[in-house]
2 protein chains.
Amino acid sequence: MSFEMGDLDEVSQTLKLLGDKTRLTIMKLLEKRECCVCELVEIFKTSQPSVSQHLRKLKDAGLVKENRKGHWIFYSVNPDSSQHELIQKLIAFVPSQDHELEELDKKGLRISCN
Amino acid sequence: MSFEMGDLDEVSQTLKLLGDKTRLTIMKLLEKRECCVCELVEIFKTSQPSVSQHLRKLKDAGLVKENRKGHWIFYSVNPDSSQHELIQKLIAFVPSQDHELEELDKKGLRISCN
DNA sequence: TGCTTATATAAGCACATAGTTATATAATGA
DNA sequence: TCATTATATAACTATGTGCTTATATAAGCA
């Protein structure tokens, strides 16, 4: 087999986390590129605390990691997660969210630091 | 791609359903062979209504189908589900539950009709 | 230092979920 | 027909979840 056999509790916990449409979409977006909280707030048209709380759950489960750059905290997928391969397989079934990222660019709301 | 791109709502709903340890294990068991309710009650050491309610959710989502044989109603995976390929990929990450089925046989609690 | 911006956290509420107990339905066989 | 067995459904309850509002933290800048 090409992957590690998962632990039942870990797998079901991952599925429960990604059984939420917002979190599932976040993972799909982060697969493309890292995003900061305010970008996700714009994309989901929801409140900042709501996005922060979703990200916290993903981070607590080790599925994403954070990286502060000045004012902003960028989130990205954690490739070292024991669930990484499962997640990659899952999000292949999620329709592309590239249009959301392009929309950000168009509106000039893309945050980039270097 | 070898699969149909899923609908976001459908995919997240499937993940939510299988984010429950009992339902995830049921799908893993049914992958091996069809099971009737009383077998699942024995395996999960839980109440009959609890198992029935889990099966109902899986059936409502079209993930399993039922087949009455006399007293017993056997449940099996529904290969015609739009989510079937996703589910197969998921379940590959769930540890084998074969021991549970073997245990049933040993205890003489396996139901077989033909 | 104080102001502003980005993000996190806490508390409260509304709703969903999973289990329980009790009861209903359905099939079988005496 | 009645009794038994398997399963489903309904009502209730306890717990979990996601959102909101309010507040705290942390970084950058005047």
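Throughout, protein chains are lettered first and strands after them, A, B, ... in sequence-line order, and every chain is numbered starting at 1.
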query = First contact, last contact: which nucleotides of DNA chain D are these for chain A, 5' to 3', heavy-atom distance under 4.0 Å?
reply =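 Boundary nucleotides touching chain A, in 5' to 3' order, are D:dT17 to D:dG28.
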ask   = Does any donor atom in the side chain of B:S52 or B:Q48 lie under 3.5 Å from an acceptor atom in the other side chain?
value =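 Indeed, the side chains of B:S52 and B:Q48 share at least one donor-acceptor pair under 3.5 Å.
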I want to check something: taking the side chain as every heavy atom from C-beta on, are [X] and [Y] in contact at a cut-off of under 4.5 Å?
X	Y	answer
B:K16	A:K16	no
A:L86	A:V11	yes
B:L29	B:I43	yes
A:Q83	A:N78	no
B:K28	A:L8	no

So, are [X] and [Y] salt-bridged, with charged N and O less than 4.0 Å apart?
X	Y	answer
B:E85	A:K89	no
B:K21	A:D9	yes
A:E102	A:K106	no

ask   = Using Watson-Crick pairs (N1 to N3, plus N6-O4 or O6-N4) and G-U wobble pairs, both distances under 3.5 Å, which stems of at least 3 pairs involve DNA chain D?
value =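 Ordered by first number, the stems with DNA chain D (at least 3 consecutive pairs each) read C:1-30 with D:1-30.
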ask   = Counting only non-hydrogen atoms, which of residues 10-23 of chain B are less than 4.0 Å from DNA chain C?
value =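 Only B:K16, B:D20, B:R23 qualify.
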message = Contact list please: residues 36-65 of chain A against DNA chain C, heavy atoms, distance less than 4.0 Å, in numerical order.
response =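 Within this stretch, A:C36, A:V37, A:C38, A:Q48, A:P49, A:S52, A:Q53, A:R56 sit under 4.0 Å of the strand.
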request  = Decide yes or no on side-chain contact (heavy atoms from CB on, under 4.5 Å) for A:L90 and A:V94, but give the supporting numbers first.
outcome  = CA-CA 7 Å; A:L90 290 190; A:V94 177; over 6 Å; no
task = Quick one: list whatever passes salt bridge (Lys or Arg N to Asp or Glu O under 4.0 Å) with B:D80, sequence neighbours left out.
result =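 Result, salt bridge (Lys or Arg N to Asp or Glu O under 4.0 Å) vs B:D80: none returned.
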inquiry  = Which residues pass the side-chain contact (heavy atoms from CB on, under 4.5 Å) test with A:E39, not counting sequence neighbours?
reply    =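 So A:E39 forms a side-chain contact (heavy atoms from CB on, under 4.5 Å) with A:R33, A:C35, A:C36, A:F74, A:L104, A:R110, A:I111.
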